[in-house]
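Please read the structure below before turning to the comments.
All values reported here derive from a predicted model rather than from experimental measurement. The figures here come from the full heavy-atom set of this structure, side chains too, leaving out hydrogens, waters and symmetry mates. By convention in this document, chain letters (A, B, ...) are assigned in the order of the sequence lines, proteins followed by strands, and residues within each chain are numbered from 1.
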2 protein chains.
Amino acid sequence: MARQVEPVSMEDVARRAGVSTATVSRTLRGLPNVSADTRGRVLAAAAELSYVVSPIASRLASRRTHTVGVVVPHAARWYFSKVVAGAEEVLREAGLDLLLYSLGDLSARTRFFDQLPLRRRVDAVLTVAMPLTEPEYEAVHTLGVPVVATGLRATGTHCVRIDDTGVMLTAVEHLAGLGHRRIGMISTYADQSMWLPVAHERRAGYLAGLAVTGLPVEPDLVVSVPFGVSGGERAMRRLMERPDPPSAVVAESDELAFGAVAAARRMGLAVPGDVSVVGIDDHDLSDVMDLTTVRQEVVEQGVQAGRMIVRAVQHPGEEPRELVLPTSLVVRGSTAPVAGSSP
Amino acid sequence: MARQVEPVSMEDVARRAGVSTATVSRTLRGLPNVSADTRGRVLAAAAELSYVVSPIASRLASRRTHTVGVVVPHAARWYFSKVVAGAEEVLREAGLDLLLYSLGDLSARTRFFDQLPLRRRVDAVLTVAMPLTEPEYEAVHTLGVPVVATGLRATGTHCVRIDDTGVMLTAVEHLAGLGHRRIGMISTYADQSMWLPVAHERRAGYLAGLAVTGLPVEPDLVVSVPFGVSGGERAMRRLMERPDPPSAVVAESDELAFGAVAAARRMGLAVPGDVSVVGIDDHDLSDVMDLTTVRQEVVEQGVQAGRMIVRAVQHPGEEPRELVLPTSLVVRGSTAPVAGSSP
DNA sequence: TTGTAAGCGTTATCAG
DNA sequence: CTGATAACGCTTACAA
């Protein structure tokens with residue numbers, strides 16, 4: 001068992017190679033001003049001792065942490081884990097450590113922004129679908145490091161997102177194109193002030209869709225529920241129990257739509273026969289659920305955010321960039337022409 | 001904009017409080033040998049300067065990293081993200097940083113265990129459902145820090161898991177109890193050597209279930225596919241296209257079962273009318289899919305693993321513990337008595 | 001209880 | 001191209 005009992009230090013390597021620690025450091029970091037001969041001896045010595053630099057000492061001396069803080073509202077949810085996975089790959093390959101913070105409940109979040117455990121600890125911050133309050137925003141900027149946000153429009157920081165208004169507009173247009181004239185929407189409450197802006201924009205997209213297709217706005221056809229499958233169920237029940245239920249429903253996300261489809265069927269309604277349903281995301285399970293949806297590339301958002309981080313770490317103080325990724329309608333079996341319309 | 005221009009150091013605090021840095025250090029770490037009076041002055045000074053210790057300097061001096069490396073095969077998948085989320089909460093509250101490594105493809109994995117970027121960087125390692133090869137195991141132990149594994153049986157390290165044989169046995173017994181005599185199984189290939197042991201144990205549980213209920217083994221009724229929804233679809237098609245298809249199928253996991261249910265329905269078969277399906281997990285979407293399953297508490301596994309980590313960091317060198325969490329059958333609408341049997 | 005001073009293992013500056 | 005040597009910002013004996 002090759003348990004590494006006493007850690008090797010740079011001095012050990014230097015001694016063995018017959019050079020100074022400064023030269024070892026230069027060599028190991030790939031700096032140009034080392035002769036080929038010396039470089040060889042140093043690398044050999046390092047290899048023989050199976051030496052690795054202590055990242056901690058290196059960080060203290062260089063004053064760079066080589067670490068990025070990734071802050072998410074809920075690490076276990078579909079969207080967030082995808083983004084994190086995408087970013088992780090890029091960061092790992094760039095040699096940056098990824099420090100994960102999941103701030104599910106409000107107290108954790110409050111403590112986080114109060115104490116700011118990221119202070120002196122990261123070179124950059126990635127916030128994943130976290131609308132920050134003004135004080136939170138200030139707190140993060142106190143860190144003095146670049147920030148990139150995903151999942152929502154951000155001002156003052158880099159960001160990668162989709163057109164949240166546009167996706168909903170696409171969904172409504174699809175339904176209107178199938179002849180639906182009364183389209184409901186399943187929206188979400190502010191989930192502890194997370195997601196608020198996205199919910200807002202998607203609602204705006206819904207309204208824009210109605211406007212574009214010349215449909216009247218019926219405020220009662222928009223119901224707001226907490227995020228999640230069971231929220232979707234509840235919303236659908238509320239919509240379909242009305243005396244004049246809509247013939248189609250758009251949901252703010254696929255997970256809500258899953259609940260909606262299930263609820264409709266449990267009520268004895270046929271999907272898409274009695275009611276069509278469209279979601280947003282193209283969740284991994286949307287295909288088996290046969291759900292029509294507007295796809296967004298979530299892992300790709302993480303990848304792009306990771307790249308932005310890497311760039312920002314290398315060139316801090318650059319103008320905030322905004323990257324809007326494309327989305328696309330995926331038609332499946334949960335939508336059909338409205339009953340009684342011409343095919 | 002309160003951008004923190006010049007970081008405050010412990011010396012600044014010491015000066016302001018009229019004490020030495022040693023005393024500041026003792027105070028801030030809550031050591032007992034500081035007079036109440038001094039403590040007050042130090043805390044006040046620190047607060048006024050809004051000082052926080054540099055974790056990096058602290059780590060270099062104390063030779064403890066306060067960091068745990070979390071290694072997962074695929075950060076974006078349901079099981080892994082849940083475990084990570086559970087562990088994250090515990091670790092964050094214990095003041096430990098969580099360094100995430102997702103080793104999806106083989107080359108990333110190879111590089112990881114070759115270079116071992118965790119060296120000198122973590123106080124403990126958490127492996128999430130990662131069966132390690134012998135060399136990988138050796139490599140990790142080279143780190144000289146405690147290791148805890150989740151999701152599978154481990155020898156030589158702490159571990160938290162479920163009874164993977166038992167869950168499958170439960171599933172088969174449920175079906176046999178409904179009168180099913182010919183039960184198929186959807187199993188998985190080694191996914192880059194990940195999960196292998198789990199697949200093996202669940203297959204063993206399936207066989208044990210047949211034995212216990214007195215059913216004959218039909219090797220052709222076990223089909224292996226890559227993990228995932230589409231794997232489940234393919235497997236189900238292969239099973240149901242046989243001249244003598246089974247009347248029920250158990251899947252190694254819910255995601256496979258989702259695919260199986262969808263495939264059956266696309267083939268025009270009724271679930272559970274023509275074929276019953278059982279999964280393992282109780283995935284977030286199993287309820288809307290109306291899938292009978294054997295539930296495991298995945299977040300809880302992460303929480304318990306996190307606690308083990310915390311304990312192990314405080315008392316390294318303790319005997320490896322093993323924690324086996326309970327599971328439970330959740331009967332939903334994807335299973336029914338076999339057609340033609342008495343109710 | 002408190003202070004002094006020697007590390008911790010690098011990087012970085014400045015001569016040579 | 002290479003080597004001293006002073007940081008880096010804290011912890012920790014050891015003294016007082």
Side-chain angles (χ1 to χ4, degrees), chain A residues 4-43 45-46 49-67 95 97 117 119-123 144, chain B residues 4-43 45-46 49-67 95 97 117 119-123 144:
Chain A
Q4 179 167 328
V5 179
E6 35 189 312
V8 187
S9 86
M10 195 173 261
E11 253 193 63
D12 301 318
V13 178
R15 216 178 344 256
R16 184 170 191 118
V19 297
S20 70
T21 62
T23 298
V24 174
S25 178
R26 283 190 279 256
T27 303
L28 263 28
R29 281 180 297 153
L31 297 191
N33 45 349
V34 180
S35 76
D37 176 51
T38 307
R39 174 181 308 283
R41 290 213 316 284
V42 170
L43 292 178
L49 300 173
S50 76
Y51 167 78
V52 282
V53 306
S54 157
I56 292 180
S58 165
R59 287 163 188 193
L60 178 58
S62 68
R63 305 162 128 294
R64 302 191 63 237
T65 66
H66 288 282
T67 300
D97 282 348
R119 275 197 281 184
R120 296 160 153 252
R121 188 169 310 208
V122 296
D123 290 340
Chain B
Q4 180 167 327
V5 179
E6 35 188 314
V8 188
S9 85
M10 195 173 261
E11 253 193 64
D12 301 318
V13 177
R15 215 178 344 256
R16 184 169 191 119
V19 297
S20 70
T21 62
T23 299
V24 175
S25 176
R26 286 190 277 256
T27 304
L28 264 28
R29 281 179 298 150
L31 297 190
N33 46 349
V34 180
S35 76
D37 176 50
T38 308
R39 174 180 308 282
R41 290 213 314 286
V42 169
L43 292 178
L49 299 173
S50 76
Y51 167 78
V52 281
V53 306
S54 157
I56 292 180
S58 164
R59 287 162 187 193
L60 178 58
S62 67
R63 306 160 129 294
R64 303 191 62 238
T65 66
H66 289 283
T67 300
D97 282 348
R119 275 197 280 184
R120 297 162 153 253
R121 189 170 308 212
V122 295
D123 290 339

A/Thr65 (side chain) donor-acceptor with A/Asp123 (main chain) under 3.5 angstrom: yes
Relative orientation of the end axes in the helix from C/dT1-D/dA16 to C/dG16-D/dC1, expressed as an angle to the nearest 10° (five pairs per end): 30°
So, taking the atom named [atom1] in [X] and the one named [atom2] in [Y], what distance separates them when rounded to the nearest 0.5 Å?
| X | Y | atom1 | atom2 | result |
| --- | --- | --- | --- | --- |
| B/Asp12 | B/Thr21 | CG | OG1 | 11.5 Å |
| A/Ser54 | B/Arg59 | OG | CZ | 11.5 Å |
| B/Arg119 | A/Tyr51 | CZ | OH | 10.5 Å |
| B/Met10 | B/Thr27 | CE | OG1 | 9.0 Å |
| B/Ser20 | B/Arg15 | OG | CZ | 12.5 Å |

Measure from [atom1] on [X] to [atom2] on [N] and round the result to the nearest Å.
| X | N | atom1 | atom2 | value |
| --- | --- | --- | --- | --- |
| A/Asn33 | C/dA15 | CG | C1' | 14 Å |
| B/Leu28 | C/dT2 | CG | C1' | 16 Å |
| A/Asp12 | C/dC8 | CG | P | 12 Å |

Nucleic acid footprint by protein, nucleotides 9-16 of chain D - heavy-atom cut-off 4.0 Å, B for base, S for sugar-phosphate alone: BBBB----
Heavy-atom pair of closest approach, residues A/Thr23 and A/Thr38: CG2-CG2, 3.6 Å
Salt bridge (Lys or Arg N to Asp or Glu O under 4.0 Å) contacts in which one or both residues fall within residues 18-42 of chain B, not counting sequence neighbours: B/Asp37-B/Arg41
